[in-house]
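Because the structure is predicted, anything quoted here is derived from the model rather than measured. Ligands are counted one by one from 1 in listed order, and the atoms in each one are counted from 1 as well. In this chain, numbering begins with 1 at the start of the sequence shown.
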Amino acid sequence: MVHGLELGLGCFLWLLICCKVAAQTDTQPRIINGSVARVEETRHLVSIRLRKHDNNFGSGHICGGALIAANKVLTAAHCLYNNGRKRYRRPSELIVVMGTLNRYEHPNGTIVSEVSSMAYMNTFSPDSMRDDVGVLFLRKGLIRPNPFSVAPIQLARQVTPAGRVCQVAGWGRTEQSTLSNILMTANVSTIREQTCRSIYKSGLLPGMMCAGRLQGGTDSCQGDSGGPLVHEGRVIGVVSWGYGCAEPGLPGVYVDVQYYQQWIDERSGVARSRTSPGLGLSFSLLLGLLTFTATIQYSCRYKR
Ligand code: 4AZ
């Protein structure tokens, strides 16, 4: 009897939870309302993948990125961070694919590269999304220019005013599915800082900007993260976060590339210690000398 009651109550609760989850997924808005990207406008788009999940080519996609030099990719720091394990991923865990619109296909001209090193702002916070910017350096970048399917894009060097139409692209969530097989693109507008602040309040930190459509319906979404926001053929932002996707009054939040321009420009893929061999060598010599002196002193004392 008690068991029957418990079972009944359990089923009821289970049903309640299932209905709630179903309702949430049903109403979840979803590059949402985009169109299929054309190669000419997205030659800089890369797919960042987890190597161990990409056995079925395309299935390891986690984030987008933008090729900004022959072997340098701009992305979001949160794409390089494993939130479950509370640590950054190692370069060897990632691969970068460029030159294919369909993430499952590998046509001629597709480049699949390992990552030789990465950089992220060490002030990045997964809780506040502060300083959500990172770069990857590719082992096999653009060896020779392949303007047909892969080409780097430049960073914007000027502030983009509010109300400008931009393009955001990615393989992220669509109205129909959790990830898109085909690269999608959508037009969104830059939004006034004051408007963005009145929406996201203290969540809007320096280096963040809003873009989207205040009426809702069109937006970037999960899986588009790290991808570029492009205005007049230059990168002005990086997909970072938002409250849901495409909700009215809740535009997407992007990394303001202008704000981080110097940091991005200064990353070169060469470890800092290697850029100053003089200092490193002097330090090792000094350490060696000190150890040597200490050993001699110690052995002298011991002999006495
Ligand atoms: C995400 O979770 C995410 N609507 C990306 C973009 C947006 C929201 C969430 C913007 O990766």
* Enumerate the protein residues lying less than 4.0 Å from ligand 1, judged by heavy-atom distances, in chain and residue-number order. => Asp219, Ser220, Cys221, Gln222, Ser225, Val239, Trp241, Gly242, Gly244, Cys245, Gly252
* Asked: Relative to the ring of Tyr120, is the ring of Tyr88 parallel (under 30°), tilted (30 to 60°) or perpendicular (over 60°)?
  -> parallel
* **Residue list, side-chain contact (heavy atoms from CB on, under 4.5 Å) with Ala69, at least two apart or on another chain** => Lys72
* Asked: Does Glu93 come within less than 4.0 Å of Arg85, counting only side-chain N to carboxylate O?
  -> no
* Under 4.0 Å between a Lys/Arg side-chain N and an Asp/Glu carboxylate O for Arg157 and Asp265? -> yes
* Can you hop from Leu94 to Leu67 via hydrophobic side chains spaced under 4.5 Å? -> yes
* Asked: Do the side-chain N and O atoms of His231 and Thr190 include a donor-acceptor pair separated by under 3.5 angstrom?
  -> no
